[in-house]
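What you are looking at is a predicted structure, and each value in this text was computed from that prediction instead of being measured. First the proteins, then the strands, lettered A, B, ... as listed; each starts at 1.
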Amino acid sequence: MSVLTKKISEARANNQPLFSTLEITQSCNLRCKHCYNFDRRGEESQLPQKFMKTSFAKDTLSQLAELGALSLNITGGEPLLHPDLIEIVTFAKKNNFHIRVKTNGLLLTLGLAKSLFKAGVREIDISLYGTNEEEYLDFCGKGGFEKTIAAIKNAMIENLKVNVSLILHRKNYKKLGQMIKICDELGVFYNVSDEITDRHDKTETKSTLGLSEQNYTELLNGPHAYFFSHENPEKNLFCGCAKTVIGINVHGHVFPCIGAPIFCGDLHQESLKKIWHDSKEMNKIRNLTSQDLKDCSNCEVIEHCSRSSGSALLNTGDYTACDPQALTYAKARKINKE
Amino acid sequence: MENYTINELISWRLIDGQILILDSHLNESAHELNEVGSYIFSSISEGKKTSDIRDELIAHYPKGPSLEEDIQSFLNKLKELQLIIPSN
């Protein structure tokens with residue numbers, strides 16, 4: 001067992017949040033149809049708080065370090081919009097975090113990539129939504145393809161470790177091969193993200209943009225099937241939520257994971273340590289057993305399922321429910337295997 | 001004795017008295033230090049001179065024949081992995 005695997009296993013047993021996510025803004029320069037935050041067709045001026053206050057972010061980082069968080073994922077909205085991003089990263093680096101920024105890349109100039117690396121960012125996750133400007137315009141509400149490609153190059157030049165997330169949905173899944181070719185030509189790591197969930201504001205996207213069973217079957221029979229042929233022979237149903245994972249949003253609300261927005265406490269009212277250890281919701285999640293996931297425990301496709309509790313929550317309103325999207329994918333995998 | 005600083009490319013956290021080091025850039029590896037190793041590493045991060053760290057350890061632990069050699073061997077290993085960098 002590697003050192004990291006051993007430490008993650010220990011952290012899981014001891015409820016230590018090794019992996020943290022800090023949402024420093026909900027503001028964004030794109031209007032993606034699938035955005036999980038909220039329906040962005042409205043005016044951003046309606047946002048109650050655009051950016052996390054820098055002093056609040058620093059205090060939160062100190063509390064995360066004290067709790068034992070090592071990995072820090074800085075996200076948004078679009079985090080590069082935060083006016084004090086470099087100051088926040090510099091503070092995080094002084095607290096010895098491994099810092100990763102998740103971005104659409106549109107603002108990542110060579111100069112900013114250099115500043116981010118110098119301040120302490122070591123990894124950058126750049127989302128790729130299509131293969132040309134037209135696809136960006138249709139899906140993201142504005143062009144951005146060329147800027148995204150430039151961002152990937154800029155990050156690589158400045159020694160940032162780059163991962164490209166290929167965002168796959170109903171309208172672009174046939175372009176996966178082209179997206180992979182782009183990454184291969186750039187010489188950059190990539191992964192496929194095929195989870196389209198309903199939004200935190202409860203508005204729906206999965207039924208219109210999520211991959212259908214037929215789409216998924218096509219992908220399973222295509223040249224890149226290895227991205228989709230997930231198997232779960234051990235019938236695992238739980239992730240690291242509330243055990244090794246913690247999420248904090250722009251308002252200082254603490255969640256078991258940024259992808260599972262269950263309110264566990266407000267950092268303006270209580271310390272992170274108190275919320276993490278004493279929150280009723282955190283402890284409820286920690287104490288869940290497979291028997292609590294009634295839909296899943298006797299499911300005939302569980303061995304093919306890549307269920308995420310956060311997605312189940314967003315898609316059904318119930319953290320312990322069957323996620324209909326995961327079920328669709330699992331059924332396609334089972335049929336494909338047979 | 002040579003003095004050191006922590007390589008800025010790595011990340012680390014003290015967990016239950018032991019330091020976990022994440023090295024995503026140099027060797028794509030993780031390292032776990034024992035209690036004494038964690039003390040030395042933390043002291044380096046605080047800017048302490050190697051000779052002072054050695055003196056503190058000698059004062060704390062009964063001086064065995066190999067204590068100084070063990071400290072130097074540990075520092076050499078950290079240096080070899082580029083987790084620490086000479087600062088003078």
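Scanning both residues, A:Gly68 and B:Arg13, for their nearest heavy atoms gives O-CG, 3.8 Å.
No more than 12 heavy atoms of other residues, nucleotides or ligands sit less than 6.0 Å from atom NE2 of B:His60. Within 6.0 Å of NZ on A:Lys118 lie no more than 12 heavy atoms contributed by other residues, nucleotides or ligands. In this structure, A:Lys114 places its NZ atom where only 12 or fewer heavy-atom neighbours from other residues, nucleotides or ligands lie under 6.0 Å away. Counting heavy atoms of neighbouring residues, nucleotides and ligands inside a 6.0 Å radius, atom CD of B:Glu46 exceeds 12 of them. In A:Glu66, the CD atom is not crowded: 12 or fewer heavy atoms of neighbouring residues, nucleotides or ligands sit closer than 6.0 Å. Within a 6.0 Å radius of CG in B:Asn34, other residues, nucleotides and ligands contribute more than 12 heavy atoms.
For A:Phe91, the ring-ring contact (aromatic ring centres under 6.0 Å, His included) criterion is met by no residue, not counting sequence neighbours. Under the rule for a ring-ring contact (aromatic ring centres under 6.0 Å, His included), the partners of A:His82 that lie at least two apart in sequence or sit in another chain are A:Phe51.
When side chains are defined from C-beta on, A:Asn14 does not count as touching B:Ile15, because their heavy atoms never get closer than 4.5 Å.
A distance of 11.5 Å separates CZ in A:Arg122 from CG in B:Leu22, rounded to the nearest 0.5 Å. To the nearest 0.5 Å, atoms NE2 (B:His25) and CG (A:Leu160) are separated by 6.5 Å. Note that CG of B:Leu20 is 8.5 Å distant from CD of A:Gln16, once rounded to the nearest 0.5 Å. Within the model, atoms CD of B:Glu32 and OG of A:Ser2 stand 11.0 Å from one another, a figure rounded to the nearest 0.5 Å.
Within residues 92-100 of chain A, the residues having any heavy atom closer than 4.5 Å to a heavy atom of chain B are A:Lys93, A:Asn95, A:Asn96, A:Phe97, A:His98, listed by residue number. Using a 4.5 Å cut-off between non-hydrogen atoms, no part of residues 104-113 of chain A approaches chain B.
For B:Leu9, the parts lying under 4.5 angstrom from a heavy atom of chain A are both the backbone and the side chain. Proximity to chain B involves both the backbone and the side chain of A:Lys161, based on heavy atoms less than 4.5 angstrom apart. Only the backbone of A:Ala69 comes within less than 4.5 Å of a heavy atom of chain B; no side-chain atom from C-beta onward does.
Options A:Leu70, A:Leu4, A:Asn159 differ in how many heavy-atom pairs under 4.5 Å they form with chain B, and the most are formed by A:Leu70.
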